[in-house]
Every structure is written in C-alpha cells, then in structure tokens.
Amino acid sequence: MISIAVAGAVLVLAGLGGLGYCIRRGYAIRGAGLPAEEIRASLHRLIAINLASLGTAALGLALIVVGLLL
C-alpha cells in the first residue's frame, strides 16, 4: 500500500518536472525572437508535453490518494 503512494509521489515529481521544463522552454521560445509561425509551431509541440506532464501529475496524485486509503 505504501508502495502505491511512493509510486504516486514519483509520478507527481516527474509531472512537476515536465511542467517546469515547459515553463523554461516557453520563456526561451518567447525570448528567441523567432518569426510568428515558428513560435506557433514550437508552442504547439510544447502543448503536448504540457498536457502529458499534467496528466502524469494528476495520475500520481490519484495513486497517492489510493495508496493512503488502502
């Protein structure tokens, strides 16, 4: 049971790391001075990573709750 909560914590940390990456990468894209179309394409790729990170963190939080309830 505690292993489920630990696995959830690992997933939460991985998700938060991915969100941190998205923030840093977004600022880098914004400050790069690229043409508008290239910025749009880069941000669209970043959205997929952002959603995956958010899903990973949410799944980790769910695992923590399940681990604590069992």
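For clarity, every value in this text was computed on a predicted model and none was experimentally measured.
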- Provide the closest heavy-atom pair for Ile29 versus Ile39 in the form atom of the first, atom of the second, distance. CG2-CG2, 4.1 Å
- Task: Please check if atom CG in Leu70 has more than 12 non-hydrogen atoms from other residues, nucleotides or ligands closer than 6.0 Å.
- Result: yes
- Message: Going by side chain to side chain contact (heavy atoms under 4.5 Å, CB included), Leu59 matches just one of Val12, Leu11, Ile64. Which one?
- Response: Leu11
- Scan for side chain to side chain donor-acceptor pair (under 3.5 Å) pairs involving residues 41-65, sequence neighbours excluded, and state none if there are none. Ser42-Arg45
- Check the pair Leu16 / Leu19 against side-chain contact (heavy atoms from CB on, under 4.5 Å), numbers first and verdict last. CA-CA 5 Å; Leu16 288 177; Leu19 290 173; 4.3 Å; yes
- Query: How would you list all residue pairs meeting side chain to side chain donor-acceptor pair (under 3.5 Å) that involve residues 14-39, not counting sequence neighbours?
  - Reply: Glu37-Arg40
- Query: Are Leu68 and Leu61 joined in one hydrophobic group, where the rule is that I, L, V, M, F, W and Y side chains link up if heavy atoms are under 4.5 Å apart?
  - Reply: yes
- In a check of side chain to side chain contact (heavy atoms under 4.5 Å, CB included) between Cys22 and each of Ile47, Leu54, Leu43, Ile49, which one passes? Ile49
